[in-house]
Novice: 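Below is the structure I would like to discuss, written out as structure tokens.
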Amino acid sequence: MKPSVRKELLSQVEELINHYCNGCFLHEHLKKSGGRRTAHRFCITHCTVGEQLQNYGEKLKKEH
């Protein structure tokens with residue numbers, strides 16, 4: 001993978017996390033009510049932002 005493509009993908013990941021994940025009310029609520037693992041599992045399996053992050057991860061993994 002070209003360094004510029006990798007850098008762009010990582011930048012997009014960071015932008016998604018900063019915009020949607022940091023301070024997410026639902027994540028905080030789930031963390032308080034069900035624990036950190038419950039909140040993380042929700043983000044991975046049900047959250048649309050989590051799905052997008054997984055797609056970026058797959059792209060980074062394929063190109064590496």
Side-chain angles (χ1 to χ4, degrees):
M1 173 185 285
K2 292 182 181 180
S4 61
V5 173
R6 180 174 174 79
K7 187 174 181 179
E8 178 62 30
L9 285 173
L10 291 173
S11 174
Q12 290 173 355
V13 167
E14 184 177 12
E15 185 178 323
L16 270 178
I17 290 172
N18 288 336
H19 190 265
Y20 294 105
C21 301
N22 291 343
C24 175
F25 173 76
L26 187 54
H27 178 79
E28 290 299 319
H29 172 73
L30 289 171
K31 195 162 62 168
K32 287 179 184 175
S33 65
R36 194 177 79 217
R37 291 179 113 188
T38 301
H40 183 72
R41 184 169 308 275
F42 172 82
C43 293
I44 291 173
T45 59
H46 299 304
C47 180
T48 56
V49 176
E51 289 176 17
Q52 290 176 340
L53 291 171
Q54 287 182 35
N55 289 335
Y56 282 125
E58 287 299 318
K59 289 178 184 177
L60 287 166
K61 190 167 72 172
K62 284 181 185 177
E63 299 297 324
H64 186 28

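Bear in mind that the values here come from a model prediction, so they are computed numbers and not experimental data.
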Novice: Hydrophobic cluster membership, with links at side-chain heavy-atom distances under 4.5 Å among I/L/V/M/F/W/Y: are Leu26 and Val49 in one?
Specialist: no
Novice: Calculate, to the nearest 0.5 Å, the distance between atoms CD and OG belonging to Glu28 and Ser33 respectively.
Specialist: 11.0 Å
Novice: Measuring from Glu51:CD to Thr45:OG1, what's the distance to the nearest 0.5 Å?
Specialist: 9.0 Å
Novice: Please tell me whether Gln12 and Glu8 have a donor and an acceptor in their side chains that are separated by less than 3.5 angstrom.
Specialist: yes
Novice: Kindly compute the distance separating NZ (Lys61) from CD (Gln54), expressed to the nearest 0.5 Å.
Specialist: 10.0 Å
Novice: Give, for atom CG of Asn22 and atom NE2 of His27, the distance between the pair rounded to the nearest 0.5 Å.
Specialist: 9.5 Å
Novice: Please report the interatomic distance CG(Leu16) to OG1(Thr48), rounded to the nearest 0.5 Å.
Specialist: 9.5 Å
Novice: Enter the distance from Leu53:CG to Cys43:SG here, rounded to the nearest 0.5 Å.
Specialist: 9.0 Å
Novice: May I ask you to decide if the ring planes of Phe42 and His46 are parallel, tilted or perpendicular, using 30° and 60° as cut-offs?
Specialist: tilted
Novice: Would you say Ile44 ends up clustered with Tyr20 if hydrophobic residues are merged whenever their side chains have heavy atoms under 4.5 Å apart, either directly or through other cluster members?
Specialist: no
